[in-house]
Amino acid sequence: MLHPMHILALCALSGAAHAGPIYKCTTGGKVSYGDQPCANGSATQLGAAPAPAADPNAAKELQRQKDMLARLQKERATHDARQAQAARSDARAWQAAAVRQAKCAGMQQQQSKEQQRLAAEAAKAGGMGKAQRDQRALHMARAVDAACRR
């Protein structure tokens with residue numbers, strides 16, 4: 001996209017390129033314009049406006065804009081780098097959460113199997129005592145809570 005200063009510079013350069021005289025020719029009722037007088041018909045030399053004077057501040061303005069561009073590009077690169085770092089951090093957090101969730105699900109499944117085993121043990125005659133079964137169930141519940149709470 002052209003910046004207004006670029007357009008101004010192009011206009012100044014194009015005006016300097018056409019500094020020669022311009023002729024208006026009328027031949028057979030048709031008007032044409034050229035840089036040389038016409039051979040047949042009437043020719044009128046048109047006065048061309050002089051090229052505008054060069055802006056003394058144009059170089060300073062151009063340098064200011066270049067500096068601003070460099071600063072903005074640096075800010076954008078920094079912003080992009082921060083966003084990429086945040087995305088990587090989020091991905092690691094999601095991965096860690098997925099691992100914890102899988103571990104929790106495995107511990108819950110193990111707890112369910114242990115409860116079934118303890119219930120079967122309690123049904124058997126001569127199995128382990130109630131206090132021992134309750135102790136094992138409590139230990140398993142605490143382990144599952146610790147794995148799933150994080």
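Positions are given from 1 along the sequence.
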K.L.:
Can you name the residues that form a side-chain hydrogen bond (donor to acceptor under 3.5 Å, both in side chains) with Gln63, not counting sequence neighbours?
P.N.:
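Scan of Gln63 (side-chain hydrogen bond (donor to acceptor under 3.5 Å, both in side chains), adjacent residues dropped) gives Asp67.
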
K.L.:
Sequence neighbours excluded, which residues qualify as side chain to side chain contact (heavy atoms under 4.5 Å, CB included) partners of Gln116?
P.N.:
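Scan of Gln116 (side chain to side chain contact (heavy atoms under 4.5 Å, CB included), adjacent residues dropped) gives Ser112.
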
K.L.:
Under 3.5 Å, which donor-acceptor pairs do the side chains of residues 73-80 form with other protein atoms, sequence neighbours left out?
P.N.:
{"residue": "Glu75", "atom": "OE2", "partner": "Arg71", "partner atom": "NH1", "Å": "2.9"}
{"residue": "Thr78", "atom": "OG1", "partner": "Lys74", "partner atom": "O", "Å": "3.0"}

K.L.:
Taking the hydrophobic residues Ile, Leu, Val, Met, Phe, Trp and Tyr, and joining any pair whose side-chain heavy atoms are under 4.5 Å apart, which ones share a cluster with Leu69?
P.N.:
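Noted: Leu69 shares its cluster with no other residue.
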
K.L.:
Cluster partners of Met68, using ILVMFWY side-chain heavy atoms under 4.5 angstrom, listed by chain and number?
P.N.:
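Same cluster as Met68: Leu72.
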
K.L.:
Closest heavy-atom contact between Pro37 and Cys25?
P.N.:
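Smallest interatomic distance, heavy atoms only, reads C-SG, 4.3 Å.
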
K.L.:
With sequence neighbours left out, which residue pairs that include part of residues 86-96 fulfil the side-chain hydrogen bond (donor to acceptor under 3.5 Å, both in side chains) condition?
P.N.:
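Every pair satisfying side-chain hydrogen bond (donor to acceptor under 3.5 Å, both in side chains) with a residue in residues 86-96: Gln85-Arg88.
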
K.L.:
Other than Met107, what residues sit in its cluster of Ile, Leu, Val, Met, Phe, Trp and Tyr side chains whose heavy atoms are under 4.5 Å apart, directly or through others?
P.N.:
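Besides Met107, the hydrophobic cluster comprises Met140, Val144, listed by chain and residue number.
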
K.L.:
Sorted by first residue and then second, give each salt bridge (Lys or Arg N to Asp or Glu O under 4.0 Å) pair with at least one member in residues 104-116; sequence neighbours left out.
P.N.:
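Passing the test, one end in residues 104-116: Glu114-Arg117.
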
K.L.:
If the condition is side chain to side chain contact (heavy atoms under 4.5 Å, CB included), which residues does Val99 pass it with, not counting sequence neighbours?
P.N.:
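Not a single residue meets the side chain to side chain contact (heavy atoms under 4.5 Å, CB included) criterion with Val99.
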
K.L.:
Under the disulfide (SG to SG under 2.5 Å) rule, what pairs show up with a residue in residues 85-117, not counting sequence neighbours?
P.N.:
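Counting only pairs at least two positions apart or across chains, the disulfide (SG to SG under 2.5 Å) contacts touching residues 85-117 are Cys104-Cys148.
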
K.L.:
My understanding is that only residues two or more places apart in sequence, or in another chain, count here; which of them pass side-chain hydrogen bond (donor to acceptor under 3.5 Å, both in side chains) with Asp35?
P.N.:
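Applying side-chain hydrogen bond (donor to acceptor under 3.5 Å, both in side chains) to Asp35 gives none.
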
